[in-house]
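Letters go in sequence order (proteins before strands), and every chain restarts at 1.
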There are 2 protein chains.
Amino acid sequence: MLPSVSEMTDSDVGERGGKRERLVSAAAELLHRQGVQATTLQQIAEAARVPPGNVYYYFKTRDDLVRAVVDTRAQEIAEVLDALVRRPNPRSRLKALARTWSDQRDLIAESGCAIGSLCMELNKQDRDLGRQSTQLFNPLIEWVGNQFHEMGRSDYSDLAVTYLSTVEGASLLANDLRDPEVLARQIRLLEKWIDALE
Amino acid sequence: MLPSVSEMTDSDVGERGGKRERLVSAAAELLHRQGVQATTLQQIAEAARVPPGNVYYYFKTRDDLVRAVVDTRAQEIAEVLDALVRRPNPRSRLKALARTWSDQRDLIAESGCAIGSLCMELNKQDRDLGRQSTQLFNPLIEWVGNQFHEMGRSDYSDLAVTYLSTVEGASLLANDLRDPEVLARQIRLLEKWIDALE
DNA sequence: GTCTATAAGATGATAGAC
DNA sequence: GTCTATCATCTTATAGAC
């Protein structure tokens, strides 16, 4: 079994020329833009500048590559959340997190939220891949819930769902309407809502 | 060109044994449960009890069948919205529409919102099929916006997006968490929000 | 008018060459 | 250790039988 990205040493990466990482990176982008099912290994290999068919040297199956993309997304989320703990209070942390969506409004209007659309597609798979999506939303729900809890709200769990529902729903509509400003406006309203909470 | 479902007379249906309708109905359910890309014509034909390969007698291409499913969903939406005009005021109409989602909470927790997930997948297609999704959300946004407008709100457009964002986002999270009550709770909060608006 | 057999093409995966 | 050639399978689509 090959080591995961996080387990690889620098020398491993050097020996392979970073091809595994290029594959995961190219796959992440293509799965976001085209969808999981619509993207072929050939397209991923081409985008990563790796010989087609050679993907199987780095990943045992196609599902394994998809799993690696999910792991990478989960890691990105963890990094974003970790960076926010520097902020002084839960209110400003929640608003800063929301702004990571409006900052990406152009991309989201074009291809939807990378997390939300990935989850939705994984949730339709009946294989074990299907339950991998919890890696993405669960940490977010817990983190957001913790912020509301710190604010002294006993209904922190419902508030976390409301928060993420707004963000994901607005991303879906902005994508469907191909209008980044739809997302920007909803995030602004979400910030007001956070400020208005006691 | 074959007549669409709405244009078919009873005798047409009788002669065909309703196979076209069975195909669209089976396709709609499978696209919802498995996704557009993951569903094959064989699966649809089998579910509709129509000989495999015979699908092309009723639909010129696979995309045409998907289009028929989208048309059917759009028609379903129109029917639901039409039925709501009997209600006395915009506030009760908005709450009644929201309840159509919580009424389907078990199905949505299992497979997501039929409209939202269909839109998300269509939005990733670069063919002309991709822009068909506007048939689904546009009428909803306009109708919901009209209700807020009748309530005297000048920001009716933003409110309509907030309303649908909440519903679609909550459906996505309920699906990911496999928890119908998540959706039910968010719809209850949405109803309170509607009541609280001036 | 209805359906079967099959073509044509693409995709995931493997075996083995370099 | 890296990559190429190829297989087996599946899927859309068509031609033509009944």
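Atom P of nucleotide dT12(D) and atom CG of L23(B) are separated by 13 Å, given to the nearest angstrom. To the nearest angstrom, P of dC3(C) lies 13 Å from CZ of R49(B). The CZ atom of F59(B) sits 19 Å away from the P atom of dT11(D) (whole-angstrom rounding).
Taking E121(B) as the reference, V36(B), Q37(B) meet the side chain to side chain contact (heavy atoms under 4.5 Å, CB included) condition, with sequence neighbours excluded. Residues satisfying the side chain to side chain donor-acceptor pair (under 3.5 Å) criterion with Q34(A), sequence neighbours excluded, are T39(A). Residues forming a side chain to side chain donor-acceptor pair (under 3.5 Å) with R87(B) (at least two apart in sequence, or on another chain): none. Not counting sequence neighbours, the partners of E150(B) by the side chain to side chain donor-acceptor pair (under 3.5 Å) test are R93(B).
A sub-4.0 Å separation between OP1 or OP2 of dT2(D) and a side-chain N or O of Y57(A) is present. Dashed line: the shortest gap from a side-chain N or O of K19(A) to OP1 or OP2 of dC3(D) is under 4.0 Å.
For residues 90-117 of chain B, no pair satisfies ring pair (Phe, Tyr, Trp, His ring centres under 6.0 Å), with sequence neighbours left out.
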Along nucleotides 4-18 of chain C, 5' to 3', which nucleotides get a B, which get an S, and which get a -, given that the test is a protein heavy-atom distance under 4.0 Å?
B------SSBB----

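Between R185(A) and E181(A) there is no salt bridge, since no side-chain nitrogen of the basic residue lies less than 4.0 Å from a carboxylate oxygen of the acidic one.
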